[in-house]
**Q** 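I have a structure here, written as structure tokens, and I will follow up with some questions on it.
Side chains included, hydrogens not; waters and symmetry mates left out as well; all remaining heavy atoms used.
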Amino acid sequence: MTAAQFDCCLASRSGEASAAARLVLVQGLTVAAAAQQTGLAEKTIRNAMSRIRKRHAQIVLAYCGDAPAMHLE
């Protein structure tokens, strides 16, 4: 996922969980490393990642129709 795609998927959300999800989805850190760096629970980060991935899939579907969403792990 690129930084621009990530920002688009956030819609109006921001905050610590989104920042931690960015560390994983954009910068390639593990969830454990992002949790250690941010002090957030891994579950919190995974929940944020799930919301962002869902939003990304919705955006891809809206703009690309039946094209498969890119894999984001």
Side-chain angles (χ1 to χ4, degrees):
M1 178 182 289
T2 68
Q5 289 169 332
F6 183 91
D7 292 340
C8 183
C9 291
L10 280 181
S12 62
R13 290 182 171 236
S14 61
E16 292 179 358
S18 295
R22 174 184 286 273
L23 293 174
V24 177
L25 296 172
V26 177
Q27 296 182 9
L29 271 64
T30 64
V31 173
Q36 184 177 19
Q37 186 171 328
T38 62
L40 296 174
E42 289 186 26
K43 179 70 174 167
T44 300
I45 298 169
R46 291 185 194 283
N47 288 343
M49 291 169 57
S50 178
R51 287 190 302 271
I52 291 164
R53 285 183 173 133
K54 181 178 178 182
R55 179 74 173 138
H56 180 264
Q58 291 170 331
I59 291 168
V60 169
L61 183 61
Y63 283 95
C64 302
D66 292 334
M70 61 187 267
H71 187 64
L72 299 174
E73 294 201 29

**Q** What is the distance from atom CZ of R53 to atom CZ of R46, rounded to the nearest 0.5 Å?
**A**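 Rounded to the nearest 0.5 Å, the CZ-CZ separation comes to 9.0 Å.
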**Q** What pairs meet the salt bridge (Lys or Arg N to Asp or Glu O under 4.0 Å) rule with one or both residues in residues 26-40, with sequence neighbours excluded?
**A**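 Checked against salt bridge (Lys or Arg N to Asp or Glu O under 4.0 Å) - neighbours excluded - no pair reaches residues 26-40.
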**Q** For residues I45 and T38, determine if any side-chain heavy atom of one lies less than 4.5 Å from a side-chain heavy atom of the other.
**A**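 Result yes, sub-4.5 Å side-chain heavy-atom pair found.
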**Q** Can you pull out every salt bridge (Lys or Arg N to Asp or Glu O under 4.0 Å) where at least one residue sits in residues 26-40? Sequence neighbours excluded, please.
**A**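 Counting only pairs at least two positions apart or across chains, no salt bridge (Lys or Arg N to Asp or Glu O under 4.0 Å) contact touches residues 26-40.
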**Q** Please tabulate, one pair per line, all N/O donor-acceptor pairs under 3.5 Å involving side-chain atoms of residues 25-37, not counting sequence neighbours.
**A**
residue : atom : partner : partner atom : Å
T30     : OG1  : A33     : N            : 2.9

**Q** Could you list all the salt bridge (Lys or Arg N to Asp or Glu O under 4.0 Å) pairs where at least one residue sits in residues 20-32, not counting sequence neighbours?
**A**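 Non-adjacent pairs meeting salt bridge (Lys or Arg N to Asp or Glu O under 4.0 Å): D7-R22.
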**Q** Show the nearest heavy-atom pair for residues S18 and A48, with the distance to one decimal.
**A**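 It is N-CB, 4.5 Å.
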